[in-house]
J.: 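Before we start, here is the structure in question, set down as structure tokens.
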Amino acid sequence: MSLKLLFELSKAGSNKFALPEIDVPVTAPSCGRKSDLLLPELPEVEVMRHYAALARLVHGVEDGPYPLGSCTMKYNPKINEITASLDGFSQIHPLQPADTIDGCREVLSIMNSSLCGILGMDAVSFQPAAGAHGEMTSLLVMHKYLQSIGQSQRTKIIVPDSSHGTNPASAVAAGFEVVTIPSYSNGMVNMEALKAAVGDDTAAMMLTNPNTLGIFDKQIAEMAAVVHGAGALMYYDGANLNAIMGWSRPGDMGFDIVHVNLHKTFSTPHGGGGPGSGPIACKAFLKDFLPYTEVGYREASDAKKSIGKVKAFHGNFAVVVKALTYILTLGSDGLKDASGKAVLNANYLFSKIAALYDEEYRPCMHEFVVSASKAGEKWGVHALDIAKAMLDEGIHPPTIYFPLIVKEAMMFEPTETESKESIDALAETMRSIFATASTDAEALHAAPLHAYIARPDEVKAAKEMVVQWTVNS
């Protein structure tokens with residue numbers, strides 16, 4: 001049975017709610033609607049049942065494992081939501097007089113200090129709305145800085161072939177040209193290729209460490225020396241910060257500017273759970289180029305060199321409150337412990353399933369990548385088939401077909417919030433799926449069999465998207 005929209009369930013006259021008559025003068029009648037507002041009419045109980053049914057169709061970290069590599073889908077403690085819902089945070093307006101929101105300003109100040117300490121940086125801007133927005137904002141900061149020192153000829157951004165796809169996309173959006181360099185067979189950056197790529201036209205190098213293969217690149221100090229030696233900057237993609245917080249700092253590795261996904265590393269809702277937040281942090285020499293705000297710890301007088309605003313006020317402030325709650329709840333030792341457990345869980349899961357993929361176990365950080373290519377060669381079962389089969393078992397599949405440098409890639413990130421029992425069950429599910437692949441490949445080609453939406457035509461779904469409902473359609 002298909003789930004209908006509220007508009008399709010609507011019955012005229014079934015909703016007895018009515019807004020009271022206007023009791024204030026109408027000052028701008030020309031701004032009024034020219035036609036009635038189209039809203040569904042339903043009893044409250046039907047509305048609640050509709051949304052409860054929708055919730056049952058969605059898989060989140062509270063429903064089961066969610067090992068989506070490089071996305072860090074960790075459990076979000078409910079205390080974060082309680083804190084952000086306090087009236088002093090949720091019932092304020094950004095245009096209130098500054099002296100009436102001292103508590104909010106204090107949150108930003110403490111969070112500024114906390115992130116600088118965790119990252120090894122000197123200043124923060126909370127305006128960027130999410131990770132890719134933080135990337136682009138960082139690139140704009142670097143661009144303006146280079147202009148200010150007479151280095152406008154630096155128009156190229158270097159990225160490794162294992163980078164997140166948003167890195168080259170953000171660089172192009174910011175007006176740069178992308179230069180991709182290969183990796184060694186062990187997944188680390190090819191140093192010879194890097195040295196050949198840098199020059200007077202290099203603006204920066206973008207990378208995350210550990211990288212998308214879950215490998216910590218031990219050459220990072222040498223990379224920073226090569227890039228800085230050419231007069232360029234080092235940018236850190238903070239997508240994998242969950243692997244190193246409390247153990248290692250981007251600023252100490254030689255990075256000049258970094259973006260952080262609060263919705264990955266610091267346990268705020270991710271994806272359909274709420275808005276993101278991608279604050280950027282930088283070394284002191286870049287501070288004046290950060291986005292500015294009129295209210296807070298950075299005043300408008302700092303704006304002479306600033307790139308200007310990239311979002312209103314302080315960005316998604318409630319997300320910052322949630323992230324700070326997480327940081328203060330755990331403290332420095334707790335953050336370090338969480339990161340350590342994330343690495344331990346990834347290595348434990350890897351050790352239990354590596355043989356299924358004919359992979360040799362090797363130490364990883366918070367995530368790892370395996371290839372389903374052998375299953376494809378033996379039985380015609382591919383990463384997509386395995387991912388769909390996992391849905392039938394109540395487990396969200398890992399990221400598949402990324403990074404692009406690994407054929408039939410499957411990227412797992414169990415995070416620190418999964419228990420040993422949960423990981424054992426996940427590994428057993430993978431073994432069961434592989435057993436089915438060797439005896440009944442067609443069953444996996446048809447998966448998922450029990451999900452609300454059966455196996456879709458992936459190409460048709462991408463090319464013929466139906467994203468709207470038309471009245472009387």
Side-chain angles (χ1 to χ4, degrees), residues 70 72 108 111-146 157-160 162-164 166-171 174 176 189 203-212 216-217 220-221 223-224 227-228 232-266 268 276-291 298 306-307 310-311 315 319-320 323-324 327 335 339 365-366:
S70 265
T72 316
L108 294 172
M111 191 60 167
N112 176 76
S113 299
S114 298
L115 288 182
C116 284
I118 292 168
L119 299 169
M121 294 290 163
D122 301 310
V124 177
S125 171
F126 295 102
Q127 282 193 13
H133 197 201
E135 289 177 14
M136 191 176 75
T137 303
S138 298
L139 286 156
L140 294 176
V141 167
M142 290 188 287
H143 180 262
K144 190 153 189 181
Y145 163 74
L146 291 171
I157 299 291
I158 297 174
V159 298
S162 64
S163 73
H164 292 119
T166 52
N167 286 182
S170 296
F176 290 100
V189 169
M205 181 179 187
M206 301 178 74
L207 77 160
T208 186
N209 200 21
N211 61 24
T212 50
F216 188 91
D217 199 320
I220 186 60
M223 277 189 274
V227 173
H228 287 152
L233 302 171
M234 289 288 288
Y235 164 85
Y236 184 83
D237 179 335
N240 294 342
L241 184 65
N242 200 57
I244 64 168
M245 61 179 178
W247 298 84
S248 180
R249 306 192 307 174
D252 298 335
M253 297 181 205
F255 290 96
D256 304 297
I257 191 165
V258 53
H259 94 262
V260 182
N261 297 298
L262 297 187
H263 51 283
K264 289 187 181 184
T265 307
F266 299 109
T268 64
S277 180
I280 63 173
C282 64
K283 293 292 189 178
F285 72 95
L286 293 172
K287 176 180 178 180
D288 290 342
F289 301 90
L290 291 175
R298 296 189 71 239
S306 170
I307 63 168
V310 295
K311 199 176 187 300
V319 182
V320 177
L324 181 59
I327 289 172
L335 292 176
S339 182
M365 294 295 287
H366 67 309

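In this chain, numbering begins with 1 at the start of the sequence shown.
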J.: Can you check whether Ala243's main-chain N or O pairs, donor with acceptor, with Ser339's side chain at less than 3.5 Å?
T.: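 A pair under 3.5 Å: yes.
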J.: Can you check whether Leu139 reaches Met142 side chain to side chain, under 4.5 Å on heavy atoms?
T.: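 The answer is yes; the side chains approach within 4.5 Å.
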J.: For the side chain of Thr212 and the backbone of Ser162, is there at least one donor-acceptor N/O pair under 3.5 Å apart?
T.: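 Yes, because the side chain of Thr212 sits within donor-acceptor range (under 3.5 Å) of the backbone of Ser162.
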J.: Got a donor-acceptor contact below 3.5 angstrom from the Lys311 side chain to the Phe126 backbone?
T.: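 No, the answer is negative, given that no donor and acceptor are paired below the 3.5 Å cut-off.
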J.: Could you tell me the separation between the CG atom of Asn112 and the CG atom of Leu324, rounded to the nearest 0.5 Å?
T.: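 The CG atom of Asn112 sits 11.0 Å away from the CG atom of Leu324.
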J.: Side chains of Gln127 and Ile280: closer than 4.5 Å at any heavy-atom pair?
T.: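 No, side chains not in contact.
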J.: Any salt bridge (charged side-chain N to carboxylate O under 4.0 Å, His left out) pairs touching residues 245-263, not counting sequence neighbours?
T.: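 For residues 245-263: Arg249-Asp252.
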J.: Quick check for you: to the nearest 0.5 Å, what is the distance between Leu290 atom CG and Ser306 atom OG?
T.: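 Result: 7.5 Å between the selected atoms.
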J.: Under the side chain to side chain donor-acceptor pair (under 3.5 Å) rule, what pairs show up with a residue in residues 113-123, not counting sequence neighbours?
T.: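 Sorted result for residues 113-123: empty, none.
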J.: Given side-chain contact (heavy atoms from CB on, under 4.5 Å), test Met136 with Thr166 step by step and report yes or no.
T.: CA-CA 9 Å; Met136 191 176 75; Thr166 52; over 6 Å; no
J.: Quick check for you: to the nearest 0.5 Å, what is the distance between His228 atom NE2 and Leu233 atom CG?
T.: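 Rounded to the nearest 0.5 Å, the NE2-CG separation comes out at 6.5 Å.
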J.: Working to the nearest 0.5 angstrom, can you tell me the gap between Phe176 CZ and Leu140 CG?
T.: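 So the gap between those two atoms works out to 7.5 Å.
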J.: Search all heavy atoms of Ala130 against all heavy atoms of Asn261 and return the closest pair with its distance.
T.: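 Ala130 and Asn261 have their closest heavy atoms at C-OD1, 4.4 Å.
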J.: At their closest point, which heavy atom of Met121 faces which heavy atom of Pro250, and how far apart are they?
T.: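 Taking every non-hydrogen atom into account, CE-C, 4.4 Å.
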J.: Has Lys283 got a side-chain atom pairing as donor or acceptor with Gly120's backbone, closer than 3.5 angstrom?
T.: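 Checking the backbone N and O of Gly120 against the side chain of Lys283, a donor-acceptor pair under 3.5 Å is found.
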J.: Just how far is it from atom NE2 of His366 to atom CD1 of Ile244, taken to the nearest 0.5 Å?
T.: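 Spacing of NE2 (His366) from CD1 (Ile244) equals 9.5 Å.
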J.: What orientation do Tyr235 and His259 show, parallel under 30°, tilted 30 to 60°, or perpendicular over 60°?
T.: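 Answer is parallel, since the angle falls under 30°.
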J.: Determine whether Ile307 and Thr137 satisfy the following criterion, side-chain contact (heavy atoms from CB on, under 4.5 Å), listing intermediate values before the conclusion.
T.: CA-CA 9 Å; Ile307 63 168; Thr137 303; 3.8 Å; yes
J.: Asn167: what forms a side-chain hydrogen bond (donor to acceptor under 3.5 Å, both in side chains) with it, not counting sequence neighbours?
T.: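 Asn167 satisfies side-chain hydrogen bond (donor to acceptor under 3.5 Å, both in side chains) with Glu135, Asp237 once adjacent residues are dropped.
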J.: Pair His164, Thr208 - check side-chain hydrogen bond (donor to acceptor under 3.5 Å, both in side chains), show working.
T.: CA-CA 9 Å; His164 292 119; Thr208 186; 5.5 Å; no
J.: Considering non-hydrogen atoms only, spot the tightest contact between Met206 and Ala171 and give its length.
T.: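 Smallest heavy-atom distance, with atoms named: SD-CB, 4.4 Å.
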J.: Report yes if the side chains of Asn211 and Pro160 come closer than 4.5 Å at any heavy-atom pair, otherwise no.
T.: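 Result no, sub-4.5 Å side-chain heavy-atom pair not found.
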J.: Could you tell me the separation between the CG atom of Leu119 and the CD1 atom of Ile257, rounded to the nearest 0.5 Å?
T.: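 Interatomic distance, Leu119 CG to Ile257 CD1, rounded to 0.5 Å: 11.5 Å.
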J.: Do you know which of Thr72, Ile118, Asn242, Leu335 makes side chain to side chain contact (heavy atoms under 4.5 Å, CB included) with Thr265?
T.: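 Testing each of Thr72, Ile118, Asn242, Leu335 against Thr265, the sole residue satisfying side chain to side chain contact (heavy atoms under 4.5 Å, CB included) is Asn242.
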J.: I'd like to know whether Tyr236 forms a side-chain contact (heavy atoms from CB on, under 4.5 Å) with Ile220, so could you lay out the CA-CA distance, the side-chain angles of the two residues, the decisive distance to 0.1 Å, and finally the verdict.
T.: CA-CA 11 Å; Tyr236 184 83; Ile220 186 60; over 6 Å; no
J.: Is it the case that the side chain of Thr268 and the backbone of Leu262 share a donor-acceptor pair, with hydrogens and angles ignored and the cut-off at 3.5 Å?
T.: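 Judged by distance alone, yes, a pair lies under 3.5 Å.
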J.: Using every non-hydrogen atom in the two residues, find where Asn240 and Pro210 come nearest and quote the distance to one decimal.
T.: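 Shortest heavy-atom separation between Asn240 and Pro210 comes out as ND2-O, 2.8 Å.
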J.: List the atom of Ala224, the atom of Met253, and the distance in Å for their closest heavy-atom pair.
T.: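 Nearest pair, atom of Ala224 first, then Met253: CB-O, 3.8 Å.
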J.: How close do Ala123 and Lys287 get, heavy atom to heavy atom, and via which atoms?
T.: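 So the minimum-distance heavy-atom pair works out to CB-CG, 3.6 Å.
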J.: Which residue is it: Ser138, Pro128, Ser277, Ser170? I am looking for the one with a side chain to side chain contact (heavy atoms under 4.5 Å, CB included) to His133.
T.: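 Only one of Ser138, Pro128, Ser277, Ser170 forms a side chain to side chain contact (heavy atoms under 4.5 Å, CB included) with His133, namely Pro128.
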J.: Could you go through Met223 and Asn209, starting from their C-alpha distance and side-chain angles, then the distance that decides it, and tell me whether this counts as side-chain contact (heavy atoms from CB on, under 4.5 Å)?
T.: CA-CA 12 Å; Met223 277 189 274; Asn209 200 21; 5.8 Å; no
